[in-house]
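The next block holds one structure in the form of structure tokens; read it before the comments.
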Protein chains: 2
Amino acid sequence: MRGRPTIFKEQELLEKAQHIFWEKGYTATSLEDLLNAMKIGSGSFYNTFKGGKKELFSRAIQQRREAFAEFKAIVDASTAPLQVIKDFYRSLAHADKQTHLQGCLIANTVTEMTFVDQSLEEEAVRVLKEVEQMYINVIEKAQRDGTMKNKTSAEILGRYLITFWCGFNVTRRMYPDNAILKAQIEMQLSVLS
Amino acid sequence: MRGRPTIFKEQELLEKAQHIFWEKGYTATSLEDLLNAMKIGSGSFYNTFKGGKKELFSRAIQQRREAFAEFKAIVDASTAPLQVIKDFYRSLAHADKQTHLQGCLIANTVTEMTFVDQSLEEEAVRVLKEVEQMYINVIEKAQRDGTMKNKTSAEILGRYLITFWCGFNVTRRMYPDNAILKAQIEMQLSVLS
DNA sequence: ACATTTTTGTAGTAATCAATACAAAATAAA
DNA sequence: TTTATTTTGTATTGATTACTACAAAAATGT
């Protein structure tokens, strides 16, 4: 291949952009913010991301979806998948303040974009539904093999978990305090006993 | 009083502005959007709201806080306050699609403003904490008088309810379907038995 | 060395942003 | 009727928005 070589890696650009979007959302993030974070000029930017700001945001969501897929692979490979999920929630009580305040990029996007950009909102909803479906599958299995005693339908319990996730990402902004959050998580998980 | 009379009522302006902010959030709502909705010119607008767009948004939040205060008055006057709260949650399963998609102005604001405008975010967090405190008081009382058997600390159960509220406002955007939401609400409320 | 291809950096675009300036309009008090 | 006061509508501000045009720079292949 010939031509002037790129001085950045696309993946690294994406991660820096994702961080800004995660904090400020789509609308409040300006192109200037993004270019400063990525440390590239607008020439390179539009050369790399032909779809502009919206494509970049969409890619940030998809990158988050990829992170979920990696987690799902661990869950699927586990002999105690429900335990893996519970451990994930418990691990939230060890996060730092910045992480608490950022919340969840996907849930943030659903909230921000419903009446702003339908396609981006739908993209985010799809990811949440994928997570929910994984919860449902794991709970169904745990109910069959007796790991879980609660006989409420897996669908409703899975929805309970994703509702908890979305709610928790507001709660942790109200109380970015791991002691408080730990107690909250334990109570909420006890429903899945 | 002398001078040219106003042709609008401030309260009505506020309600129209609140509706736009509720749908699109603070940043994505332009002054043009607001003036179109209020049907006034920028002259009248800045004459009425000296603090501009931000004051208007703050007033919209405070108006929402006022709506909560009215609900709280009903709760405080009731002999079965926990039942009033549960009924409120059950009533959410009878809302229309638009209402589901709008979610909660206060929760939306916490999500949007954390890294955009600290003072507006704090204002919204304060309202959520007020609601939470009301939940805690009511639960404490219900535990004392035996209405509620669950002995988990009222603080954690109150936090459970506000977490549910915030999460539910995402869930209802994923599934603006009253049959689904009704089943979800019943399961979540059963924790408070 | 030279031609070709691609990226980079910069200058500039039109559109929109929130907010102002200010004169005309519309009232009440004197 | 005149004067004082306030609101309204419009024109305009400077800043910022996302995005583009394009020449210089930097590489490879011949």
Side-chain angles (χ1 to χ4, degrees), chain A residues 1-14 16-61 109 112-113 115-120, chain B residues 1-14 16-61 109 112-113 115-121 123:
Chain A
M1 213 233 284
R2 74 178 147 183
R4 183 169 172 174
T6 55
I7 55 166
F8 55 79
K9 292 172 188 162
E10 206 173 301
Q11 180 61 24
E12 287 172 9
L13 290 192
L14 212 47
K16 285 168 184 165
Q18 187 192 55
H19 179 254
I20 309 293
F21 279 137
W22 202 329
E23 282 190 349
K24 311 219 304 177
Y26 180 77
T27 314
T29 299
S30 70
L31 221 67
E32 202 191 354
D33 291 336
L34 293 166
L35 297 178
N36 287 342
M38 298 178 171
K39 280 165 181 151
I40 58 171
S42 58
S44 305
F45 172 69
Y46 284 101
N47 195 39
T48 311
F49 305 98
K50 301 280 192 301
K53 186 185 174 186
K54 185 168 168 176
E55 184 198 329
L56 191 62
F57 190 81
S58 173
R59 298 273 295 271
I61 291 178
T109 302
E112 180 188 357
M113 302 311 270
F115 290 91
V116 175
D117 188 300
Q118 203 188 347
S119 67
L120 289 176
Chain B
M1 211 233 286
R2 73 178 149 184
R4 183 170 172 172
T6 56
I7 55 168
F8 52 79
K9 291 172 190 164
E10 206 172 301
Q11 180 61 24
E12 286 170 11
L13 290 191
L14 212 47
K16 286 168 184 166
Q18 187 192 54
H19 179 254
I20 309 292
F21 279 137
W22 201 330
E23 282 191 349
K24 312 220 303 178
Y26 180 77
T27 314
T29 298
S30 70
L31 221 67
E32 203 192 355
D33 291 336
L34 293 167
L35 297 179
N36 288 342
M38 297 178 172
K39 280 166 180 147
I40 58 170
S42 59
S44 304
F45 172 70
Y46 284 99
N47 195 40
T48 311
F49 304 98
K50 301 280 192 302
K53 187 185 173 186
K54 184 168 168 177
E55 184 197 330
L56 190 61
F57 190 81
S58 174
R59 298 273 295 270
I61 291 178
T109 301
E112 180 188 356
M113 303 310 271
F115 290 91
V116 175
D117 188 300
Q118 204 188 346
S119 66
L120 288 176
E121 192 249 359
E123 216 175 310

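Naming: A, B, ... by sequence-line order, numbering from 1 per chain.
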How close or far is atom P of dC19(D) from atom NZ of Lys54(A), stated in whole angstroms?
-> 11 Å
Mind checking side-chain hydrogen bond (donor to acceptor under 3.5 Å, both in side chains) for Lys53(A) and listing every partner two or more places apart, or none if nothing turns up?
-> none
Starting from C1' on dA11(C), measure out to OH on Tyr46(A) and report it in whole angstrom.
-> 15 Å
Got a second to check how far Ile20(B)'s CD1 is from Phe57(B)'s CZ, nearest 0.5 Å?
-> 12.5 Å
Does any N or O in the side chain of Asp33(A) come within less than 3.5 Å of the main-chain N or O of Ser30(A), such that one atom is a donor and the other an acceptor?
-> yes
In this structure, CD of Glu112(B) is separated from OG1 of Thr27(A) (nearest 0.5 Å) by 7.0 Å
Report, as a single string ordered 5' to 3', how protein heavy atoms within less than 4.0 Å touch nucleotides 7-17 of chain D: B base, S sugar-phosphate only, - not at all.
-> BBBBB-----S
Rounded off to whole Å, could you give me the NZ-to-P distance for the Lys24(B) and dT16(C) pair?
-> 13 Å
Enclosure of Glu32(B) CD (heavy-atom neighbours >12, cutoff 6.0 Å) | no
So does Gln11(A) have more than 12 non-hydrogen atoms from other groups sitting under 6.0 Å from CD?
-> yes
Lys50(A) NZ to dT6(C) P, straight-line distance once rounded to whole Å | 11 Å
